[in-house]
Amino acid sequence: MEKIEFLKTELDPIGEYPSLFPGVPPTPIYRTPITPKENYKALYKGEKPVWIPNFYDLTTLCPACYPDAIARGFVVSAESGDYMDDKKKGGKDSFGIEWVYEPSAMGSMVIPGNPTLRNISEWRDKIILPDVDSWDWAQSAKRNKDYAYNSSNLVQAWIFTGFFERLISLLDFENAAITMIDDEVEDAVHDFFAECVKIYKKMIKHYQVDFNADVIYFHDDWGTSQNSFFSLEACRNLIVPHLKDVVDYAHELGLFVELHSCGKSGKLVPAMIEAGVDAWTPQEINDFGSLYKQFGGKIMLGAYHQVPIDVDEAAAIETGREFVKKYAGAIPEKSVFSGDYAIHIKTREALYEESRKYLSE
């Protein structure tokens, strides 16, 4: 990408992004020389961006037409105002599974103890697969024309409840974990995941056509705070072939894929790479330095700043500058972006200014 000299006037706000999370203030919209969408896509393509992208260069999209967005209590779109009342959160997801929203956790869960399936081999007899095309995509697309389709930000469209999370929702956690290593049900798992792939592909197509999405944010938690839920071998055997099918399809349509996967799952990064996943933002419980050293250049990594949002201004500025010093020199060979939504305004400002200067040299 052509080098563009930094101008201090770029930091003069032209508006602000509203807060998406409690305790996180609105953040300024800068006068960037190219759009955040163009800049972020350059990084995804392996090109040198004009600045290091951050969370506020994204437009998060979880439209109300997607049953899982309501069930999980996370409608993030131009329709969000219709679902602010906690009583409207939770309910049945796209598979007809009941989720209960817990306000204190700001999230939903399936109440364990009465799973829909006792064994995954029962799925053909007991599960009604969702009819994706019957969802009111047209209405959500109309509501989100300015929010998403015409956004100058990178539009990141969510798919909740990936492969392992879907097993948990149907079987409860213990049976889902056993299913990942049970040879007797391996064929049934593959058959079920193959059907899930068809569902995900239909969603991806709608996200592309109806919302002009750029990235699919595929949600599938693979670990706890201590370790991964399953081995690399199990992941390669059961999940990778199907995740790769999803990723390949997104790539065919010109979209990128970021895996949202909570937990200490560093040992599963080879599976992400083999599936063709473009990006992953590991939680802070992971050793980011080690992951960056081992896998940088093979998958794009999002990093947290690990500094409180209420830190003093000088420390916040230094945090942004140190981030640039640490990672900008290796971009685009080892691309990194800032994945922290709870970023101090001055950290973001320093990150933008210092990376603009460095990357324009």
Side-chain angles (χ1 to χ4, degrees), residues 1 3-34 36 39-40 42-44 47-58 60 153-154 258 262 264 266 279-297 299-361:
M1 182 171 289
K3 294 180 179 179
I4 305 172
E5 183 180 353
F6 171 71
L7 300 175
K8 194 71 174 179
T9 53
E10 292 173 29
L11 296 174
D12 295 339
I14 59 173
E16 65 180 18
Y17 297 115
S19 173
L20 288 177
F21 302 94
V24 180
T27 190
I29 300 174
Y30 300 143
R31 298 176 183 271
T32 56
I34 64 173
N39 187 65
Y40 223 133
L43 193 73
Y44 264 107
E47 302 169 0
K48 182 180 285 189
V50 178
W51 70 90
I52 296 177
N54 63 83
F55 178 85
Y56 290 94
D57 294 333
L58 298 169
T60 298
N153 279 9
L154 190 84
E258 178 176 351
C262 292
K264 196 169 185 179
W280 176 51
T281 302
Q283 280 187 298
E284 292 127 307
I285 52 177
N286 292 275
D287 183 344
F288 187 87
S290 176
L291 292 172
Y292 178 72
K293 183 177 180 180
Q294 187 174 1
F295 301 112
I299 187 171
M300 193 162 72
L301 294 171
Y304 289 99
H305 298 280
Q306 296 181 318
V307 60
I309 198 167
D310 59 353
V311 73
D312 69 85
E313 189 171 299
I317 292 171
E318 186 59 25
T319 297
R321 289 174 174 169
E322 285 299 318
F323 192 94
V324 174
K325 290 178 183 178
K326 186 178 292 186
Y327 300 116
I331 293 174
E333 287 77 17
K334 298 175 72 172
S335 291
V336 168
F337 58 94
S338 168
D340 203 341
Y341 68 85
I343 188 172
H344 193 290
I345 288 175
K346 288 298 181 179
T347 299
R348 178 171 174 259
E349 183 179 301
L351 172 65
Y352 177 82
E353 179 174 351
E354 295 302 315
S355 65
R356 275 287 286 114
K357 292 175 180 177
Y358 188 96
L359 295 170
S360 66
E361 292 178 354

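Not measured: the values here are computed from a predicted model.
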Are Leu154 and Tyr44 side-chain neighbours, meaning at least one heavy-atom pair lies under 4.5 Å?
yes
Between Ser355 and Ile52 (side chain of the first, backbone of the second, donor and acceptor by atom type, cut-off under 3.5 Å), is there such a pair?
yes
Under 3.5 Å donor-acceptor pairs involving side-chain atoms of residues 310-318, not counting sequence neighbours:
unit_1	atom_1	unit_2	atom_2	d
Asp312	OD1	Ala314	N	3.2
Asp312	OD1	Ala315	N	3.1

Please report, to 0.1 Å, the donor-acceptor pairs under 3.5 Å made by any side chain of residues 332-343, with sequence neighbours excluded.
unit_1	atom_1	unit_2	atom_2	d
Ser335	OG	Pro332	O	3.1
Ser338	OG	His305	NE2	2.7
Asp340	OD1	Ala342	N	3.1
Asp340	OD2	His305	N	3.4

Could you list the residues that satisfy ring-ring contact (aromatic ring centres under 6.0 Å, His included) with Tyr292, not counting sequence neighbours?
Tyr327
Minimum side-chain heavy-atom gap Trp51-Asp57 below 4.5 Å:
yes
Value for NZ (Lys346) from CG (Leu351), rounded to nearest 0.5 Å, stands at 13.5 Å
Is there a donor-acceptor contact under 3.5 Å linking the side chains of Tyr17 and Asn153?
yes
Closest non-hydrogen atom pair, Phe288 against Pro282:
CD1-CG, 3.8 Å
On the six-membered ring of Tyr30, is Arg348 placed so that its NZ or CZ lies under 6.0 angstrom from the centre and within 45° of the ring axis?
yes
Please name the pair of heavy atoms, one in Thr32 and one in Pro36, separated by the smallest distance, quoted to 0.1 Å.
OG1-CD, 3.9 Å
Which atom of Ala303 lies closest to which atom of Phe323, heavy atoms considered:
CB-CE1, 3.6 Å
Find out whether Ile331 and Leu43 are in side-chain contact, i.e. whether some heavy atom of one side chain is under 4.5 Å from a heavy atom of the other.
yes
Does Asp287 offer a backbone N or O that forms a donor-acceptor pair with the side chain of Ser290 under 3.5 Å?
no
Sorted by chain and number, sequence neighbours left out, salt bridge (Lys or Arg N to Asp or Glu O under 4.0 Å) with Lys326 holds for none
Per-pair distances, 0.1 Å, donor-acceptor, side chain in residues 3-12, under 3.5 Å, sequence neighbours excluded:
unit_1	atom_1	unit_2	atom_2	d
Lys3	NZ	Glu361	O	2.5
Lys8	NZ	Glu353	OE1	2.9
Lys8	NZ	Glu353	OE2	3.1
Glu10	OE1	Tyr352	OH	2.5
Glu10	OE1	Arg356	NE	2.9
Glu10	OE2	Leu7	N	3.0
Glu10	OE2	Arg356	NH2	2.9

Check salt bridge (Lys or Arg N to Asp or Glu O under 4.0 Å) between Lys264 and all other residues, then give those that pass, not counting sequence neighbours.
none
Could you tell me if the side chain of Ile29 sits less than 4.5 Å from the side chain of Pro13, heavy atoms only?
no
Does any donor atom in the side chain of Glu16 or Thr27 lie under 3.5 Å from an acceptor atom in the other side chain?
no
Starting from the C-alpha separation in whole Å, work towards a yes-or-no answer on side chain to side chain contact (heavy atoms under 4.5 Å, CB included) for Asn286 and Leu291.
CA-CA 8 Å; Asn286 292 275; Leu291 292 172; 3.8 Å; yes
